[in-house]
2 protein chains.
Amino acid sequence: MIQFASRMNNLKGSAIRALLALANRPEVLSFAGGMPAPELFPIDKIKAATDAVLDEQGKVALQYSSTDGFKHFREQIAARMEAKNGIKTSADNILITSGSQQGLDYSARVFVDPGDVIIIESPSYLGALNAFKACEPNFIAIPTDDDGMIMEELEKVLATTERVKMIYVIPDFQNPSGRTWPLERRQKFMEIVNKYEIPVIEDNPYGELRYEGENMPALKSMDTKGLVVFLGTFSKILAPGYRLGWVCAEGEILKKYNFMAQAAALQASTEAQLVVSKFIDMYDLDEHVNTIKDCYRKRRDVMVQTMEREFPPEAKFTHPNGGLFAWVELPDYINTNEMAKICMERNVAYVPGDGFFPDEGHNNCIRLNYSCMSEEKIEKGMTILGQVMKEEIAKHKG
Amino acid sequence: MIQFASRMNNLKGSAIRALLALANRPEVLSFAGGMPAPELFPIDKIKAATDAVLDEQGKVALQYSSTDGFKHFREQIAARMEAKNGIKTSADNILITSGSQQGLDYSARVFVDPGDVIIIESPSYLGALNAFKACEPNFIAIPTDDDGMIMEELEKVLATTERVKMIYVIPDFQNPSGRTWPLERRQKFMEIVNKYEIPVIEDNPYGELRYEGENMPALKSMDTKGLVVFLGTFSKILAPGYRLGWVCAEGEILKKYNFMAQAAALQASTEAQLVVSKFIDMYDLDEHVNTIKDCYRKRRDVMVQTMEREFPPEAKFTHPNGGLFAWVELPDYINTNEMAKICMERNVAYVPGDGFFPDEGHNNCIRLNYSCMSEEKIEKGMTILGQVMKEEIAKHKG
C-alpha cells in the first residue's frame, strides 16, 4: 500500500480546470477561463524575435543558464516595473520564474510551515490557494468591500493571531473580484504591515490592463522595509504559453527564493527568456499592451452593459476598471455550482465562486471572464446567463 | 524579524552552480558542468520547427494549455520509451514537466513528509539531493560497487527501517559515477521493491547516450505493480534550454503528480512542447542522438586514455559506457575541495565529490564531465589535473 505525503490530502483537481475541459467545445460561450485573447498574440513579431535569437545566439538559447535569469532580461523587467508600477529596483532584485504560479508556489515554500497562517483577501485567487495548500497552512480570509481588503479587519486579525507568516494580496483588478485598492488603502496597509513586519506577496498580473483612471502605485513601491515580494508575469501582457514570470524582492528573502528555485526547477526556459527579451528590444511592448487594452475595454463595456440590461435586480456585480474579471453575487438561495450545470446545457460556462474561498459555503457567487470572447458572444452569453438567473430566482420565489 | 519556513534551513546555494560561475571564463578548461555540447544543437532544424509551429498553430502555441501536456507529444514520448527503454506505456501515463528537476521536486513532495526516509545510491545526483531536501527527509545512502547499488545492503536497510517512502536511483550511466546496473541487479532490485512495495524514482536522463554494449531494460519495463516512477528529459538528447522533461507513472501515483503540477506550476511551456513535438515529427531524433553519441564517445575515449596515462596510480576512476561523467576516487588524505582551488588557479575546473553524498566526509572524490570540452581540451585538462594530483600526493608523502 503506497503512502503519500500528508500535503497531498490538500490537493485536488481544480474545479476550474475540470470545467474548462468541458467548456472547450467550440459551441460553448465560455466566461470560465482567465485566458488572454489569442487573436491578439503578436505571432509574426514573436516569430521574428525567435528567428533573431536562434540566428544570433542559438547555442546560448538552447543551453542551460543561470537560476536567477538573464541579466539583460531582468534589467528590462526592472525598467518596466519602474515605468508601470512606480517601483525603483534593479536586475539584482529579480528572479525569473516559470510563470507566476511558480512564484506563488515558491512563496509559500519559503515562508510557510504546516499549521502557519496565511492571510488572504476574501475572495482570493483560486490558483494561489491551491499552490499554498501544498504547504498545509491555515488560511484567514479578511473581508473586503468595493475598495478591496478592509484594513480594520486586517489589523484585528494581526493583533490577535499567532504564526502569521505571510499576507497574499492582489491590489490591482483582483482575481476574482475585479476590484482595485485605492491609494489610501494601500498606504494604510503598508503602515500596518510595517508595524507587524509580516512578508507580503503582492500578485500583480493585471496591473497594466487598466481601461480607465490612473495607475495606482504598487505596494512594493511604498515598501521601505523590504517586506513586499512582488510577482509579475508576461502571461497577460504578451503570452502565457512561454510560462514566464518574475519575483522582485530584496536581500535575504530573494536569496531564499533563489535557493528554492535552484532546488525545485534549476531555472526558467533559456529560450523563452531570450525570445521575450528580444521581443522587447525589437518592438514596442507598450503599443501591444494598448492594443490588448482597447480590445478588452470594449469587451468589458459590453459585458457590464449587458449585465445591467439582462441580469435580475437580485444580482450584484462589480464594474472592473481593468483586468479580466467581473464578480457576481446572487441571493444566498442560489447555488452557482448547480446553476453552472444548467448554464452548461445552454452552452454558457462560468466559474462558480466557492473555489475562491478557503472555507465552505459562499455558494452564491460567480466569476466571469471577458477577455477571450467576442463582443457578440459576450452579449449573447450574458443574456442567456441573465435568463437562467431569472428562472432560478423565480423557482425559489415559487 | 522575518521568519522563513524550516525547510529553508536545508537549502543552500549549490556548490556546483557557484563553481560553474567561476568556471565560465573562456580560458578555463571546465569538467565541472553537466552541459551538452552546444555545437551539436540542431539550431537550423529547431528554427524550422519553431517557424512551422508559429505559422500553423501560433495561437495555440502562445496560449495556456493543459497540466498534463499535449496528447500528441505524450504519444511521441510513449513510443520513444518503448523503443529505447523497453517500457510499454501510453500517453495517459505521462505528465510533461519543466525539466526533470521539476519531476524530482514533485517526487519528494508527492511521497515525503519531514522525517521520512529516502533511500539513495552512494554517491547520488547532487541536484536530486537538493530537490529532496526541501521536503526535510532523512537520507539513507546504500553502498555501491562497479555494478551500482549493492542489493544485499538495500535489503538490509529495508528490513530494518521505518518510514521509507521512496527509493531514488539512476541505473543508467549514473550521475556522478558513470556506472550502469547490469540486468541481474535490476531484476534483483525489482524483486526486493515488489516485496516491500516502496515507490521507486528511476531517473534516466542519460540512458540513450550509450557508447558501447547493449541497452539495458529500464526498471520501469519490469514494473508489474506500478511502483516505478520513470523520469525522462529532452535536456541531454536535444536541448536543456527548453526545460522539458516527463514523468511516466500509473494510476493514483500519476494523479498525485498531476495535482502537484497544477498547484506548483499549472503546466510546462506550451510553445516548447509544440516545438519539440514538431521537431520529432519533422526530423529524425535518433539520427541526432547518434551524432551526439559519436562525439561524446570520442571525448570519453580521450578522457579515459589521458587519465590512464597521466593520473597517478593512487587515483581510481570509472570507465563509463555512456552518459556524461566519470568519477575519480583519490586517497583519503587528498581533499578535493582544496585541490579544486589549486586546479582553478591553473584554469581547470571539476566538481568535488562531497556534494554527492548526504552526509559529511567523502572529501576525496571528483566528478568529471566530458561532454562539453573538445578532445584537445580534455587531453590538456586531464594532463594538468593528473599533474596536480601527483603534486598533492607527493606533498603528503613528503
Side-chain angles (χ1 to χ4, degrees), chain A residues 1-8 11-14 17 35 38-39 41 43 46-47 50-51 54 58-59 61-65 67 98-99 101-102 105 109-113 127 130-131 133-135 165 197 199 239-243 253 256 259-260 262-272, chain B residues 1-8 11-14 17 35 38-39 41 43 46-47 50-51 54 58-59 61-65 67 98-99 101-102 105 109-113 127 130-131 133-135 165 197 199 239-243 253 256 259-260 262-272:
Chain A
M1 179 65 189
I2 288 167
Q3 289 177 285
F4 296 105
S6 78
R7 69 179 66 80
M8 297 312 294
L11 300 184
K12 312 271 184 288
S14 141
R17 291 233 143 191
M35 287 189 281
E39 66 273 24
F41 292 146
I43 296 173
I46 280 182
K47 200 175 145 191
T50 308
D51 285 351
L54 290 174
K59 288 181 194 171
L62 300 177
Q63 188 58 286
Y64 288 109
S65 53
T67 298
S98 299
Q101 187 72 20
Q102 197 173 57
D105 179 52
R109 297 176 84 186
V110 164
F111 293 115
V112 179
D113 283 317
N130 201 33
K133 278 177 185 171
C135 289
K165 294 300 173 62
E197 298 196 337
Y242 284 113
R243 314 305 301 123
I253 292 181
K256 298 290 189 198
F259 289 162
M260 194 66 244
Q262 200 172 295
L266 293 184
Q267 56 159 111
S269 163
T270 313
E271 195 254 5
Chain B
M1 180 63 189
I2 288 166
Q3 288 178 287
F4 296 106
S6 78
R7 70 179 65 81
M8 297 313 293
L11 300 184
K12 312 271 183 289
S14 141
R17 290 234 144 191
M35 287 190 282
E39 66 272 25
F41 292 146
I43 297 173
I46 280 181
K47 200 176 147 192
T50 308
D51 285 351
L54 290 173
K59 289 182 194 172
L62 300 177
Q63 188 58 286
Y64 288 109
S65 54
T67 297
S98 299
Q101 186 71 19
Q102 197 172 58
D105 179 53
R109 297 175 83 185
V110 163
F111 293 115
V112 180
D113 283 316
N130 201 33
K133 278 177 185 170
C135 289
K165 295 299 174 61
E197 299 196 339
Y242 285 114
R243 314 306 301 125
I253 292 181
K256 298 291 189 197
F259 290 163
M260 194 66 244
Q262 200 172 294
L266 294 184
Q267 56 160 109
S269 163
T270 314
E271 195 255 4

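Proteins come first, then strands; the chains are lettered A, B, ... in the order of their sequence lines, and each starts at number 1.
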Residue A:Val110 versus chain B: region with a heavy atom under 4.5 Å = both

Most contact-rich option vs chain B, by heavy-atom pairs under 4.5 angstrom, among A:Lys256, A:Arg109, A:Gln3, is A:Arg109

Could you grab the distance from atom CZ of A:Arg7 to atom CG of B:Asp113, nearest 0.5 Å is fine?
-> 6.0 Å

Scored by heavy-atom pairs under 4.5 Å with chain B, the best of A:Gln63, A:Glu271, A:Glu197 is A:Gln63

Taking the side chain as every heavy atom from C-beta outward, state whether A:Phe4 and A:Leu11 have any atom pair closer than 4.5 Å.
-> no

Heavy-atom pair count under 4.5 Å with chain A, highest-scoring of B:Asp105, B:Ile43, B:Thr270, B:Leu62 = B:Leu62

Top of B:Gln102, B:Lys47, B:Lys165, B:Lys133 for chain A proximity - count of heavy-atom pairs under 4.5 angstrom = B:Lys47

Checking heavy atoms, do the side chain of A:Thr50, its backbone, both or neither come under 4.5 Å from chain B?
-> side chain

Would you give the length of the straight line joining atom CE of B:Met35 to atom OG of A:Ser65, rounded to the nearest 0.5 angstrom?
-> 10.0 Å

Counting heavy-atom pairs under 4.5 angstrom with chain B, the leader among A:Pro38, A:Ser269, A:Pro240 is A:Pro240

Note: vs chain B, highest number of non-hydrogen pairs under 4.5 angstrom among A:Ala263, A:Cys135, A:Gly58 is A:Ala263

Of the listed B:Ala264, B:Ala272, B:Pro199, the one with the largest count of heavy-atom pairs under 4.5 Å with chain A is B:Ala264

Taking atom CD1 of A:Ile253 and atom CD1 of B:Ile2, what is their separation to the nearest 0.5 Å?
-> 3.5 Å

Could you tell me the separation between the CG atom of B:Leu266 and the CZ atom of A:Arg243, rounded to the nearest 0.5 Å?
-> 5.0 Å

Give a yes or no on whether the backbone of A:Gly127 and the side-chain of A:Gln101 come within a donor-acceptor separation of less than 3.5 Å.
-> yes

Nearest-0.5 Å distance that lies between atom CG in A:Asn130 and atom CE in B:Met260 = 8.5 Å

